[in-house]
Number of protein chains: 2
Amino acid sequence: MRSEDIAKLAGVSRSTVSRVINNYPNVPEETRVKVLKVIEEHHYEPNSFARALAGKRTDTIGLFAISLSGKNIGNRIYQNNYFAPFVEAVVDTANAKGFYVLIHTVYSREDFQKIKQAFMQKRIDGGILVGIQEDIEIVRELSDLNAPLVIIDYDITEILAERLDKGHLAVINSKDYDGTVAAIEHLIALGHQEIGIVCGEQNTYSGKERYTAYLDTMRKHELTVKDSFVLNGHFSKQRAATEMRKLLASKELPTAIFASNDDMALSIIEVLHEHGIRVPEQIAVIGFDDIDLASRTVPKLSSVKLPLYEMSKAAVQKIIDMVGTSEPSFSTLSLPTELVLRESSGSKR
Amino acid sequence: MRSEDIAKLAGVSRSTVSRVINNYPNVPEETRVKVLKVIEEHHYEPNSFARALAGKRTDTIGLFAISLSGKNIGNRIYQNNYFAPFVEAVVDTANAKGFYVLIHTVYSREDFQKIKQAFMQKRIDGGILVGIQEDIEIVRELSDLNAPLVIIDYDITEILAERLDKGHLAVINSKDYDGTVAAIEHLIALGHQEIGIVCGEQNTYSGKERYTAYLDTMRKHELTVKDSFVLNGHFSKQRAATEMRKLLASKELPTAIFASNDDMALSIIEVLHEHGIRVPEQIAVIGFDDIDLASRTVPKLSSVKLPLYEMSKAAVQKIIDMVGTSEPSFSTLSLPTELVLRESSGSKR
DNA sequence: CTGAAAGCGCTTACAG
DNA sequence: CTGAAAGCGCTTACAG
């Protein structure tokens, strides 16, 4: 069934059918009703490719989940407690607004070609990038495509420095700095002085921010940061566990540890338990992200809540806004985090 | 950049460019190389919509995650430990084979229109349905579209009875019956006689199979099934917890419980612990699905492993096979499960 | 208000 | 082996 068939049945031309479908104002109510009736009766759906080819939107948003460090086989992306809720929220929001979501995973630098392809083949109206590491080359390439692009978790200063702010670009972050400060200051308020950190990927905006905030806060309160208390966990459970075991082998231990994500926090708590060290009595722990699991572990994990849902929602909205206008624009949004206290951080000592 | 531009630069016609792109045999090596060179140089990507419109495939697979019972707001689908790995595996497999994945979530019966639309608008070459409840009407509607369709977890006898087996349809299941039998018989071998079950959604193939297998196995071993030991958990943590609390309020308790999924198993273990009942010493528990979390809880959960990855892989492969041929076909695949013993099931009593 | 026609960027019989 | 042309199913200036 094509628009031509509908036209014949309704006794009008294809032009008019098209006008009705696209809600053109200059169609008399009577004609509109007549045409709509035929469309309904025959369950007609305009061919999306023909529409797109004729210049209409595709009503599809690309969602690109990037996981360059995850080389392991099998459940790679979604085993990560960060991506899954993201994907869900984006799909939900986009669906609710009448958009489809085209998903593609990026495991290697070559895979970025797939993103470019999706744009160049005009498959999508715009794209959302999540999980990207600092790599201004790629951002430049993608933004040069001049299609609506939203990047989650990226350093804006870098984009400004490179003058990439004149395409259809938006960056959406969370206030990880503030969240980390809140976590560290809470530990300090509880009386902790020897506070360690398990860092995330340092070529990641959130990884850097969380580390910097830790450093700044310690300095502000005139607490010394022991080198041995700074563990490189790379946002990975395994690496965090390994580092923690190394630390345990040495003499000195901190009295509190801030982990740059919950996966690592949970992982080091496990290691601590293996060694008979009680959390929070002997070592207090605070994580970051506030994943689902955080409230169901023993002890329940204190964590800084990432506004994942709000971020995804904002990302979709941004794409849609940008699709709607041809004006180039660069915008930025930074959503607040929140310290959620449970058991692992303990109380006043 | 269009094929016409490439043609000019290469000194050939659009026809030839197209032949090169589509790997037609009747192009001399020399011409092929010449054209490919120009394509490379200019990073030319054929417009996917024009190709599709001219009759080519879209190279896109639809993935529809159905969650009719999940009325709760927020993280609905991916909070469920069943969908997330599925989505990942499908995206991974499809991507690896050069296909994009178009995702859409279905929360209501009306949302099924979106699936039909995706097909009718020719957005996808074929679709995969996961999470569907028994609803032959919808299966009929979808299979009437006559596009490649793979359904995960569905009762084949129903499809055969309705003669829906002549379209481009495939059903992929796991051997839940066998898996459940193995779990129950293991408990029996450990000496349990009073075995309860927490059922899943009964309008779901896997929900029914797991329940039936439990019943059959108990009967086979001449063990009585107490009505009060059959809890309706509907695959939901909350409902399972509520039912478990009710059971605890009564006098009699089983010595072992089989839960139709891990979420419910974990949930009832929590409730048991709240009431000071030790698992597995006082009540042994076995779950189903073998989710990621199963190996990280206290006690570690024994569970029947669902071959999620293999199932998704098979689903994608089926779609691709069906896209490749115009012959109608109906096929079925049932992949084996595996009983994974950890701590919660206990040992010989 | 509305239709005929051109155009979107491909593919593929058809003819040579 | 290869090009000119028709066709895929829409949209949208253009003309009336």
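Numbered from 1 within each chain, the chains take letters A, B, ... in sequence-line order.
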Distance in angstrom units between [X] [atom1] and [N] [atom2], rounded:
{"X": "K56(A)", "N": "dG9(C)", "atom1": "NZ", "atom2": "P", "result": "17 Å"}
{"X": "D5(B)", "N": "dC10(C)", "atom1": "CG", "atom2": "C1'", "result": "13 Å"}
{"X": "I6(A)", "N": "dT11(D)", "atom1": "CD1", "atom2": "P", "result": "12 Å"}
{"X": "N23(A)", "N": "dT12(D)", "atom1": "CG", "atom2": "C1'", "result": "16 Å"}
{"X": "Q121(A)", "N": "dT11(C)", "atom1": "CD", "atom2": "C1'", "result": "16 Å"}
{"X": "N47(B)", "N": "dC10(D)", "atom1": "CG", "atom2": "P", "result": "16 Å"}
{"X": "E4(B)", "N": "dG9(C)", "atom1": "CD", "atom2": "C1'", "result": "10 Å"}
{"X": "D59(B)", "N": "dC10(C)", "atom1": "CG", "atom2": "P", "result": "15 Å"}

Those residues that, when tested against [X], pass side chain to side chain contact (heavy atoms under 4.5 Å, CB included) (two or more places apart):
{"X": "S18(A)", "value": "N22(A)"}
{"X": "A147(B)", "value": "F119(B)"}
{"X": "K122(A)", "value": "N47(B), F49(B)"}

### Task
For the pair D5(A) and K8(A), find out whether any cationic side-chain nitrogen is under 4.0 Å from an anionic carboxylate oxygen.
no
#### Entry: Of G11(A) and I21(B), the one whose closest DNA chain C nucleotide lies more 5'
G11(A)
Review item, side-chain donor-acceptor pairs of residues 36-46 of chain B, under 3.5 Å, at least two apart:
residue	atom	partner	partner atom	Å
E45(B)	OE1	Q121(A)	NE2	3.2
E45(B)	OE2	Q117(A)	NE2	3.4

### Any pair counted as salt bridge (charged side-chain N to carboxylate O under 4.0 Å, His left out), so long as it reaches residues 105-118 of chain B, sequence neighbours left out
R109(B)-D135(B), K116(B)-E141(B)
### Summary
Note: contacts of residues 30-46 of chain B with DNA chain C (heavy atom, under 4.0 Å) are Y44(B), P46(B)
### Message
Once ring pair (Phe, Tyr, Trp, His ring centres under 6.0 Å) is applied, do any residues pair with H168(B), and if so which ones, sequence neighbours excluded?
### Response
none
#### Entry: Sequence-distant partners of Y205(A), ring pair (Phe, Tyr, Trp, His ring centres under 6.0 Å), two or more places apart
none
### Query
Which residues pass the side-chain hydrogen bond (donor to acceptor under 3.5 Å, both in side chains) test with E162(B), sequence neighbours left out?
R140(B)
### Query
Closest to the N22(A) side chain: dC1(D), dT11(D), dC10(D)?
dT11(D)
### Message
Please pick, from dC10(D), dC10(C), dT2(C), the nucleotide with the shortest atom-to-atom distance to any side-chain atom of N26(A).
### Response
dT2(C)
### Task
Runs of at least three consecutive Watson-Crick or G-U pairs, both distances under 3.5 Å, are what I'm after; which ones involve DNA chain D?
C:1-3 with D:14-16, C:5-12 with D:5-12, C:14-16 with D:1-3
May I ask you to test the [X]-[Y] pair for a side-chain heavy-atom distance under 4.5 Å?
{"X": "V139(A)", "Y": "E158(A)", "answer": "no"}
{"X": "I159(A)", "Y": "V171(A)", "answer": "yes"}
{"X": "L63(A)", "Y": "L102(A)", "answer": "no"}

### Query
Can you tell me how far CD1 of I128(A) sits from CD1 of I61(A), rounded to the nearest 0.5 angstrom?
5.5 Å
### Task
Between dA6(C) and dT2(C), how far apart are the P atoms? Round to whole Å, please.
22 Å
Sub-3.5 Å pairs of nitrogen or oxygen atoms, protein against nucleotides 6-8 of chain D:
residue	atom	partner	partner atom	Å
dC8(D)	O2	L53(B)	O	3.4

### Query
If you look at every strand shown and take non-hydrogen atoms under 4.0 Å, does T16(A) touch a base, only sugar-phosphate, or nothing?
sugar-phosphate
### Task
Establish, from distance only, whether the side-chain atoms of N95(B) and Y107(A) form a donor-acceptor pair under 3.5 Å.
no
Could you list the protein-to-nucleotides 13-16 of chain D atom pairs, N/O on both sides, closer than 3.5 Å?
residue	atom	partner	partner atom	Å
dA13(D)	N6	R19(A)	NH2	3.3

#### Entry: Any S13(B) side-chain nitrogen or oxygen under 4.0 Å from OP1 or OP2 of dT2(D)
no
